[in-house]
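Take this structure first; my questions come after.
In what follows, residues are counted from 1 in the order of the sequence shown. For ligands, and for the atoms within them, numbers begin at 1 and follow the listed sequence.
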Amino acid sequence: MKHLLSIEQTSREEIDRILRRTAEFKTNRGRISSRPLAGQTWALIFSKPSTRTRVSFEVGIRELGGESIYMTAADAQLGRGELIKDTARVLARMTHGAIIRTYAQRDIEEFAEFSGVPTVNALTDDEHPCQILGDIFTIQEKRGRIEDKVVTFIGDGSSNTAQSWLFAAGKLGFELRIASPKRYQPTAKLRKRAGGHVICTENLKEAARDADVLYTDIWVSMGREGEEARREAELGPYWINESLVKLAKPNALVMHCLPAHRGQEIDEKTFEAHAQTIFDQAENRLHVQKAILAELVKGD
Ligand code: CP
Ligand code: NVA
């Protein structure tokens, strides 16, 4: 595996390898283990804010024996118009890998192409692959094989997390239901690209019925702040609350990628009732990303 740019471009075998290694890293955390990043420095280049992704990568790189430098695009000459392909070729001479959070998916693809160093998507407008790999690990850790599960995504079905779920369903074969108003559902073109067993519906109750997982993300993703009022009005009914949870399987997991906006995509009571799962989910970002980094430096 050379880069991790999207779930779409990651094979089933690579996903399985990452998930297997995640379990090893989680079990062995804190014991003396291998340091595959020893002697390396990785660049974190973030154009959007982050708590979980930044901290889990910085800690993960350190635990694997490497060092990291964090920069925002605004601090770099990128913010003054230096081209991505030039930035990529400079950083490739000085660092061993890049972890990038930005807007356009094509920007990280261009960076990866021109730098040649392992490049990781730490969230773009299109995908959030590290999040969804951590989430799949969490589901399997708690409930076993995802292949047998029904995952219901509630809220903004056009978001980066929903899109990564869509491609994950195509690769792994579980049933994905996306409950969103029509204009927030993935396009037919995207669904065709992803394949898999996917149901997109405006019928929230039907989507939640007998689901194994109820999953949500914020209604207003980073970069969409100007659409806040419209999104609140249109996505209003698409939230997880106690009565929706009752429709799902009795032991259904309620998951949230965080940060949470209580009273929007989830209510306070439901969030707190499922806080253990949600914060396990957050913790697993660390373990899965260590596995991703280890696979990338292995390079095959
Ligand atoms: N879930 C997630 O990626 O969180 P951050 O935006 O805090 O990194
Ligand atoms: N869809 C959200 C995910 C945040 C982790 C966003 O892009 O802001």
Side-chain angles (χ1 to χ4, degrees), residues 4-7 22 42 44-61 68 70-73 98-105 107-108 120-139 151 153-168 178-181 183-186 190 213 215-228 230-232 234-235 238-240 253-262 264-266 271 274-275 277-290 292-293:
L4 185 89
L5 300 179
S6 61
I7 299 288
T22 303
W42 283 58
L44 273 72
I45 311 160
F46 280 41
S47 304
K48 294 173 175 174
S50 171
T51 299
R52 280 145 289 272
T53 309
R54 176 181 175 176
V55 174
S56 51
F57 268 115
E58 289 197 11
V59 171
I61 289 168
S68 62
Y70 174 85
M71 60 208 255
T72 65
I99 294 154
I100 302 178
R101 170 168 284 200
T102 192
Y103 295 86
Q105 178 72 21
D107 288 351
I108 54 161
V120 179
N121 178 350
L123 180 148
T124 62
D125 291 344
D126 286 5
E127 279 222 35
H128 196 1
C130 299
Q131 177 71 53
I132 272 48
L133 289 170
D135 298 340
I136 293 168
F137 177 82
T138 307
I139 293 168
V151 177
F153 184 101
I154 293 146
D156 178 9
S158 64
S159 65
N160 39 21
T161 48
Q163 194 161 312
S164 287
W165 271 117
L166 186 67
F167 284 106
I178 297 182
S180 293
R183 71 186 296 171
Y184 296 92
Q185 292 176 10
L190 202 58
V213 178
Y215 188 103
T216 193
D217 182 7
I218 50 174
W219 289 342
V220 186
S221 284
M222 293 178 279
R224 301 273 182 185
E225 289 77 7
E227 299 170 19
E228 192 158 350
R230 195 189 65 174
R231 284 173 169 262
E232 278 181 28
E234 292 175 344
L235 290 163
Y238 293 86
W239 65 321
I240 303 183
L253 296 173
V254 171
M255 300 180 74
H256 194 310
C257 62
L258 300 174
H261 290 214
R262 292 159 168 86
Q264 292 196 354
E265 73 281 354
I266 192 164
F271 183 94
H274 295 271
T277 304
I278 292 168
F279 291 105
D280 283 348
Q281 196 187 339
E283 178 194 321
N284 285 336
R285 296 289 306 281
L286 170 67
H287 310 301
V288 83
Q289 287 163 195
K290 284 171 72 179
I292 291 166
L293 292 168

Among all protein heavy atoms, pick out the one at the shortest distance from atom 7 (O) of ligand 2; state its residue, atom name and that distance to 0.1 Å.
Asn160 ND2, 2.9 Å

I'd like the residue list for ligand 1, meaning every protein residue with a non-hydrogen atom under 4.0 Å from the ligand.
Ser50, Thr51, Arg52, Thr53, Arg101, His128, Gln131, Cys257, Leu258, Arg285

Looking at side-chain heavy atoms only, is the closest gap between Tyr215 and Ile240 below 4.5 Å?
no

Among Thr124, Asp125, Asn160, Asp126, which residue meets the side chain to side chain donor-acceptor pair (under 3.5 Å) test with Gln105?
Thr124

Got a sec, which residues hit ring-ring contact (aromatic ring centres under 6.0 Å, His included) with Tyr103, two or more places apart in sequence or on another chain?
none

Which of the ligand 2 atoms, numbered from 1, are nearer than 4.0 Å to a heavy atom of Leu258:
5 (C)

Tell me every residue that passes side-chain hydrogen bond (donor to acceptor under 3.5 Å, both in side chains) with Thr22, counting only those two or more places apart in sequence or in another chain.
none

Pick, from Asp125, Leu123, Thr124, Asp156, the option with the minimum heavy-atom distance to atom 4 (C) of ligand 2.
Leu123

Pairing residues for Tyr184 by the ring-ring contact (aromatic ring centres under 6.0 Å, His included) criterion, not counting sequence neighbours:
none

Region of Thr53 that comes within reach of ligand 2 [heavy atoms, distance under 4.0 Å]:
neither

Donor on one side chain, acceptor on other, Ser164 and Glu127, under 3.5 Å:
yes

Side-chain contact test, heavy atoms from C-beta onward, threshold under 4.5 Å: evaluate it for Thr161 versus Phe153 and give yes or no.
yes

Nearest neighbour in protein (non-hydrogen) for atom 8 (O) of ligand 2:
Met222 N, 2.8 Å

Which atoms of ligand 2 are found less than 4.0 Å from any heavy atom of Asp217?
1 (N), 2 (C), 3 (C)

Decide yes or no for Pro259 and Thr51: does some side-chain heavy atom of the first lie under 4.5 Å from some side-chain heavy atom of the second?
no

What do you reckon, does Ser159 have a nitrogen or oxygen under 3.5 Å from a nitrogen or oxygen of ligand 2?
no

Tell me whether Ser221 contacts the main-chain N or O of Arg224 through its side chain, where contact means a donor paired with an acceptor under 3.5 Å.
no

